[in-house]
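The structure appears below as structure tokens.
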Amino acid sequence: MAAHNATHAPDHASDSVRDREIEAEQTHLDRVYRRLEEKIHEAEFLMDDAAKRGQVGTPGALAERDAQVFQAGVHLHRLNSEYEDFLFGRIDLLLGKDGKKGPDGAFTSVEPADGAIEDGRATIAETLHIGRLGVLDADYSPLVIDWRAPAAAPFYRATPVAPGRVVRRRVIRSKGRKVLGVEDDLMRPEITATLDGEELPAIGDGALMAALGRARSHTMRDIVASIQAEQDKVIRAPAASVTEVEGGPGTGKTAVALHRAAYLLYQDRRRYAGGILIVSPTPLLVAYTEGVLPSLGEEGQVAIRALGSLVDGAETTAYDSPAVARIKGSSRMQKLLRKAARGALEPVAPGARSTGRKAAKAAANGDGGGSGTGDGDGQMSLDGLFGAAGDGTGQDASAHGSRGRRTPPPPAAGAPAAGQPAHLRVVAFGGRIELDADELRAIRQSALGGTAPVNLLRPRARRLILDALWAKSGAARRYTDPELAAEAREGFDEDITTEPDFQEFLDAWWPELTPRGVLAAMADERLLGRWARRLLNPREVRQLARSLQRLDGGGTSHAHKAMGDGHGPLSVHDVALLDELQMILGAPMRPARPREADPLDHLTGLEELTTYTERNGGGRSRRERLDEERTDYAHVIVDEAQDLTPMQWRMVGRRGRHATWTVVGDPAQSSWSDPDEAAIARDEALGTRPRRRFTLTVNYRNPAEIAELAARVLALAMPGMPSPKAVRSTGLEPRFALTSDGAGSADDAALERATVAEAERLLGEVDGTVGVVVAMNRRAQARRWLAPLGDRVVALGSLEAKGLEYDATLVVSPAEIADESPAGLRVLYVALTRATQQLTVLSTERDEPDAAGVPDLLRD
Ligand SMILES: Nc1ncnc2c1ncn2[C@@H]1O[C@H](COP(=O)(O)OP(=O)(O)OP(=O)(O)O)[C@@H](O)[C@H]1O
């Protein structure tokens, strides 16, 4: 640890000393901005010059122009970005041991020279300013060191226990071009150091505490000014193979992951041109964190995607009930999907869909809609998509923006109107040749042999059909000369395949399958039962089929009708299934998209493979295209890794087959019920690459009072698991409230009154945000209750709270949250660790509160 162990002298510096120090930093910042302006002019000149070069027309000039425009463009963009605090740090250092300087102009040695301190006195030999980008003066002396450069590491790593050369670390707060204040930590408080003959003063109460005390908004801030030593080690860890980071709530895992992405790009921009993917559990967390990288000067090369949006065209926040999620996430689905993808081609006996249709009708009528309806097995809301019905709060518009809801289903690609043909009849050599149902089935089985992607087997099936027809025609016997036979066969094939009827037959008999179509076909309980034999039990088959009926636009008696359809709402877990199916089916051949023309092509008459214009063209941002196009990244960062299901690990693994990885998570916060199964899938995704493990131990989010309460649930959820150490305390104990005086009634009206009243109270207590966490199936209800309170209050289902934080949190009915799933206690632990300042727990009868209102689960 650095700052919270560091010594910041009591604020003894007088106002005049403080003003003088601020003024000195202002002078430096002015100098930095003057230099930045010069650099902007330089970059603009380069852009101009490059455009002229484009007209020269030789391949060399063209390539040079492209590289130059690209570099100058990136540079200009960075320089032009208005940073809130471009320059945020400073270190004052003793003379280095060997007196050598690095390429950034700073001394390289970490340890002070012998004799740098004598009789408790020392002279400052070097002062470095740290900022978001490195800036060199015209004489190449460092005006600002990039926070990621090796010379900046002591700013983060120095502690009073191991200060190295650092005597004083200063955090500078500025807005635009104005310095607002400074906060100092002394790393060697025992010595008297002088700079330019004057004693080095220490100002303020320390930077970390100042940063942690600030009110929270709806977006995360970067922590560049106060990264702590144990975090810095992770951020700067070499990118080889797999870096695993564990740590409790609030230890900065997400912050560290984001800063690591920026660090890796700085270290080796060329290597990571292949893109960095950050996988986040929810779109809420994506929205919360996506401002951090631009504030660190990095944007284009990093894609932050939620698990529900990793597959193009899918965008969902709807959750399956825990029982269904468990089935869909399990690695048993691999085999089942493979069977379904092959089975979906098979003809179906009439009436086979009746069960499915009945269930679909029930779902359409609202039965089993996710609000606690039993399925006859005595379980809670088994096949409901939590919140799938638009609740209209607008808090997560994408939640209900699943394409299927908003856009009409496209026509069924390749699906016949009247089901599968039972036989094939063609006319050749003046006679009829026929293949009956059994023969067709045998051909299909033979074509399907092996593991090749189903859609890519169609040409093989076509060939086998032609072989069978040719054999039946008896024509082969008529030709003894192989050359003549081959010629006749060619003519035969051509005659048959150019018949529109044959093409129609093929489209119907071997339609091009789509992932959504296959999922929709699995909504048929009878079919699913057949494919799931020995994989799922009958109850699981029923639960899964019912949940997939939402996808099914069907209602015909034939599975194929559903296959091009399936445009109903997806759940987050369906997305991993779609990705798996995409792999099983294989992408059919598509005609190449024509390349947009580069205007310079016309000038030069040359064809470039890619041009800067093209890479940045088409009116779409680089970021947008990165998001859309990439399925293989150079580095993959997985946040909240403890929550990935085995099927999600497979989906993410496919995006990092050649990548290095950073995987951050906390097993104590896992909402997945079978951690062992997930661990196997995680190992498969990460392969046998060597791993480096780090643990983060300090909780920067919760005050000690809240962390202590949460630790009680942790002890129940994972006995023996250590809690991270809270770094500050507010003196405010968590509050316990009841739905009505003493009784803790569970009726909805009483719960609404109590929830709204407490949220209002908390709004009055804090300047920033208030998060109200409820059980998943109360999500829509809570949003309605709280909508009138404005946008400082956010209502969240328990699974959505992951990774987020609020100044104050209200947790509604711990028992309801804990009872929701086998992982309920861990989900409750997540809910209790979201607050930076205040926490209220609201109990109902079900929580069995004691006289002080403390629910059973939270008592000592
Ligand atoms: N060194 C730091 N300086 C200032 N703030 C920090 C520091 N480290 C973490 N924080 C703050 O602590 C809070 C928690 O960080 P973060 O969300 O990254 O933790 P986490 O480990 O991902 O938590 P969870 O497991 O609950 O998702 C954030 O507000 C973050 O900005």
Side-chain angles (χ1 to χ4, degrees), residues 1-6 88-89 147 155-157 159 169 171 173 183 185 206-235 245-261 278 280-282 284-285 288-289 291-292 295-296 637-643 662-671 694-703 706-707 710 714 721 723-728 768-769 771 773 799-807 809 826-827 829-837:
M1 297 308 319
H4 68 280
N5 285 336
F88 57 77
W147 66 278
F155 177 79
Y156 300 112
R157 298 259 172 108
T159 67
R169 176 180 49 226
V171 171
R173 247 180 341 106
E183 300 278 349
D185 287 306
L208 179 67
M209 292 305 152
L212 297 182
R214 282 195 229 154
R216 294 320 200 251
S217 70
H218 288 299
T219 53
M220 191 177 198
R221 277 188 298 251
D222 66 65
I223 58 165
V224 265
S226 53
I227 292 169
Q228 301 297 290
E230 67 175 15
Q231 299 174 324
D232 192 61
K233 280 193 190 123
V234 180
I235 294 170
V245 188
E246 273 192 11
T251 52
K253 296 182 298 298
T254 301
V256 161
L258 293 165
H259 288 69
R260 179 159 170 76
I278 301 183
S280 215
T282 64
L284 290 177
L285 193 57
Y288 179 63
T289 53
V292 171
S295 82
L296 298 174
I637 297 180
V638 185
D639 193 7
E640 308 283 356
Q642 74 281 351
D643 277 341
T662 301
V663 180
V664 311
D666 177 12
Q669 296 182 62
S670 170
S671 45
F694 295 87
T695 307
L696 300 177
T697 57
V698 178
N699 177 352
Y700 299 99
R701 178 188 298 130
N702 311 127
I706 293 176
L714 178 63
M721 182 87 174
S723 294
K725 200 165 129 285
V727 76
R728 71 203 162 100
T769 51
V773 188
L799 294 177
E800 294 173 312
K802 199 126 287 182
L804 299 173
E805 65 184 20
Y806 301 90
D807 279 351
T809 305
R826 296 194 295 266
V827 177
Y829 178 58
V830 174
L832 291 169
T833 49
R834 298 304 101 194
T836 66
Q837 293 176 33

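Side chains included, hydrogens not; waters and symmetry mates left out as well; all remaining heavy atoms used. In each ligand, atom 1 is the first atom listed, and ligand 1 is the first ligand listed.
- Between the side chain of Lys802 and the main chain of Leu285, no donor-acceptor pair closer than 3.5 Å is present.
- With a 4.0 Å heavy-atom cut-off, ligand 1 is reached by the backbone of Ile227 but not by any atom from C-beta on.
- Near Gln228, the atoms of ligand 1 lying under 4.0 angstrom from a non-hydrogen atom of the residue are 1 (N).
- For Arg834, a nitrogen or oxygen atom sits less than 3.5 Å from a nitrogen or oxygen atom of ligand 1, counting backbone and side chain alike.
- Within the 4.0 Å heavy-atom cutoff, Gly665 does not count among the residues contacting ligand 1.
- Between the side chain of Glu230 and the backbone N or O of Thr697 there is at least one donor-acceptor pair closer than 3.5 Å.
- Scanning Ser226, Pro281, Ala801 for the heavy atom closest to atom 3 (N) of ligand 1 points to Ser226.
- For ligand 1, the polar-atom distance check finds no N/O of Pro249 at less than 3.5 Å from any of the ligand's N/O atoms.
- With a 4.0 Å cut-off on non-hydrogen atoms, Gln669 touches ligand 1 through its side chain and not its backbone.
- Set against the non-hydrogen atoms of Met220, the atoms of ligand 1 under 4.0 Å away are 16 (P), 17 (O), 18 (O).
- Under a 3.5 Å cut-off, the side chain of Asp222 and the backbone N or O of Val292 do not form any donor-acceptor pair.
- Counting the atoms of ligand 1 from 1 in the order shown, those under 4.0 Å from a heavy atom of Gly803 are 27 (O).
- Taking 4.0 Å as the cut-off, Thr833 does not count as a neighbour of ligand 1 on heavy-atom distance.
- Ligand-side atoms of ligand 1 in range of Ala255: 18 (O), range being under 4.0 angstrom from any heavy atom.
- The shortest N/O to N/O separation between Gln231 and ligand 1 falls below 3.5 Å.
- In this structure, the side chain of Arg169 does not engage the main chain of Asp185 through any donor-acceptor pair within 3.5 Å.
- Exactly one residue among Val827, Thr833, Leu832 makes a side chain to side chain contact (heavy atoms under 4.5 Å, CB included) with Tyr829. That residue is Thr833.
- Of the possible polar contacts, none joining the Asn699 side chain to the Pro724 backbone as a donor-acceptor pair under 3.5 Å is found.
- Side-chain contact, Asp639 with Ser280: no donor N or O sits under 3.5 Å from an acceptor N or O.
- Between the Arg826 side chain and the Gln669 main chain, no donor and acceptor come within less than 3.5 Å of each other.
- Closest approach of Ala835 to Asn702, counting heavy atoms only: O-ND2, 2.8 Å.
- Ligand 1 has no nitrogen or oxygen under 3.5 angstrom from a nitrogen or oxygen of Ile223.
- The option with the heavy atom closest to atom 27 (O) of ligand 1, from among Glu640, Lys253, Glu246, is Glu640.
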